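This report concerns only the one structure given below.
As a basis for the values below, the full set of heavy atoms in this structure was taken, side chains included, without hydrogen atoms, waters or symmetry mates. Nothing here was measured: the structure is a model prediction, and the numbers come from that model.
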Amino acid sequence: MYSIWLQNSIHNDKIYNLIERYAREEKKDSFFPHVTLVSKINSYEKAMEVLQLLSNKKCNITFDKISTGDTYFQKLYLESSDNSYFFNSVSKIEGWPNLWVPHLSLSYGDELPKSFDLGELNELIPITISFDTLSLYKTGPKVSEWKEITTLLMD
């Protein structure tokens, strides 16, 4: 499978360090901070087609909410009250979004990280992140096997 991510070419240290810490504590694989714009693309050719449909404009997104979820890849994450950029970005893709919640994950897993501290996370938000890169990744159930295929710097 393939996924297309919105990223910053220079990762936010606070967020990246938090992701690294949670992964280390939970003995899980770490990942780069990103917002998944499109996932579950079944071929490279289709992924490249979809990549061309996405907005190529840099953006600043303010994440102002800490959320927890019930799925492995949406266990602990940041959300933005204003998701219009994300939805406008994917508006040309037929059949997408499908129950999609734009978010920036901090931790993957079946449980919240042991050192999860809502107070610490509340000090992090609101946080504004500049996104300037679209990245195509080969993804799947094992984070350790994810592989960057290509990146496009945005205008």
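- Listed by chain and number, the residues in a side chain to side chain donor-acceptor pair (under 3.5 Å) with Thr139 are Ser3 (sequence neighbours excluded).
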- Query: Could you walk me through whether Cys59 and Phe86 pass the side chain to side chain contact (heavy atoms under 4.5 Å, CB included) check?
  - Reply: CA-CA 10 Å; Cys59 66; Phe86 302 123; 5.7 Å; no

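- To the nearest 0.5 angstrom, Glu111 atom CD is 11.5 Å from Thr68 atom OG1.
- For Gln7 against Phe32, the heavy-atom pair with the smallest separation is NE2-CB, 3.5 Å.
- Remark: Lys114 engages Glu26 in a salt bridge (Lys or Arg N to Asp or Glu O under 4.0 Å) (not counting sequence neighbours).
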- Task: Would you please test Asp29 and Tyr108 for side chain to side chain contact (heavy atoms under 4.5 Å, CB included) and show each step?
- Result: CA-CA 9 Å; Asp29 292 310; Tyr108 296 151; over 6 Å; no

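- Checked by atom type and distance alone, the side chain of Ser55 never pairs as donor or acceptor with a backbone atom of Tyr85 at under 3.5 Å.
- Considering NZ of Lys46 and OH of Tyr2, their distance stands at 14.5 Å, rounded to 0.5 Å.
- In this structure Thr133 satisfies the side chain to side chain donor-acceptor pair (under 3.5 Å) test with no other residue, sequence neighbours excluded.
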- Task: Give the C-alpha distance, both sets of side-chain angles, the deciding distance and a yes or no for side chain to side chain contact (heavy atoms under 4.5 Å, CB included) between Trp100 and Val90.
- Result: CA-CA 11 Å; Trp100 173 57; Val90 300; 3.7 Å; yes

Side chains of residues 12-20: which donor-acceptor pairs under 3.5 Å do they make with residues two or more places apart or in other chains?
{"residue": "Asn12", "atom": "OD1", "partner": "Lys14", "partner atom": "N", "Å": "3.0"}
{"residue": "Asn12", "atom": "OD1", "partner": "Ile15", "partner atom": "N", "Å": "3.0"}
{"residue": "Tyr16", "atom": "OH", "partner": "Glu20", "partner atom": "OE2", "Å": "3.3"}
{"residue": "Asn17", "atom": "ND2", "partner": "Asp13", "partner atom": "O", "Å": "3.1"}
{"residue": "Glu20", "atom": "OE2", "partner": "Ser30", "partner atom": "OG", "Å": "2.5"}

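- For Asn42, the side chain to side chain donor-acceptor pair (under 3.5 Å) test picks out no residue, with sequence neighbours left out.
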- Query: Is there a side chain to side chain contact (heavy atoms under 4.5 Å, CB included) between Leu37 and Ile93 once you walk through the steps?
  - Reply: CA-CA 11 Å; Leu37 288 180; Ile93 302 169; over 6 Å; no

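- Rounding to the nearest 0.5 angstrom, the gap separating the CG atom in Leu54 from the OG atom in Ser91 is 9.5 Å.
- Contact record, Leu76 with Tyr22: CD2-CE1, 3.6 Å, taken as the closest heavy-atom pair.
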Please output the side-chain donor-acceptor pairs of residues 144-155 that fall under 3.5 Å, not counting sequence neighbours, one pair per line with the distance.
{"residue": "Trp146", "atom": "NE1", "partner": "Gly140", "partner atom": "O", "Å": "2.9"}
{"residue": "Glu148", "atom": "OE1", "partner": "Tyr137", "partner atom": "OH", "Å": "3.3"}
{"residue": "Asp155", "atom": "OD2", "partner": "Asn56", "partner atom": "ND2", "Å": "3.4"}

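- Taken from OG in Ser43 to CE in Met1, the straight-line distance is 10.0 Å, to the nearest 0.5 Å.
- Not counting sequence neighbours, the partners of Ser80 by the side-chain contact (heavy atoms from CB on, under 4.5 Å) test are Ile61, Phe63, Asp82, Asn83.
- Partners of Glu120 by salt bridge (Lys or Arg N to Asp or Glu O under 4.0 Å), not counting sequence neighbours, listed by chain and number: Arg21.
- The salt bridge (Lys or Arg N to Asp or Glu O under 4.0 Å) search around Lys65 returns Glu79, not counting sequence neighbours.
- Taking CD1 of Ile127 as the reference point, atom CG of Asp64 lies at 11.5 Å (rounded to 0.5 Å).
- With contacts defined as side-chain heavy-atom distances shorter than 4.5 Å, the pair Thr62/Asn60 does not qualify.
- Remark: Asp110 engages Tyr72 in a side-chain contact (heavy atoms from CB on, under 4.5 Å) (not counting sequence neighbours).
- Thr36 is listed as a side-chain neighbour of Trp5, based on a closest heavy-atom distance under 4.5 Å.
- Residue Asn8 holds its CG atom at 9.5 Å from NZ of Lys58, rounded to the nearest 0.5 Å.
- Scored by the side-chain contact (heavy atoms from CB on, under 4.5 Å) test, Asn88 finds Ser84 as partners (sequence neighbours excluded).
- Here the side chains of Val143 and Lys28 are not in contact, with every heavy-atom distance at 4.5 Å or above.
- For Leu118, the side-chain contact (heavy atoms from CB on, under 4.5 Å) test picks out Ile66, Phe116, Asn122, with sequence neighbours left out.
- Here the closest non-hydrogen pair linking Pro33 and His11 is CD-ND1, 3.5 Å.
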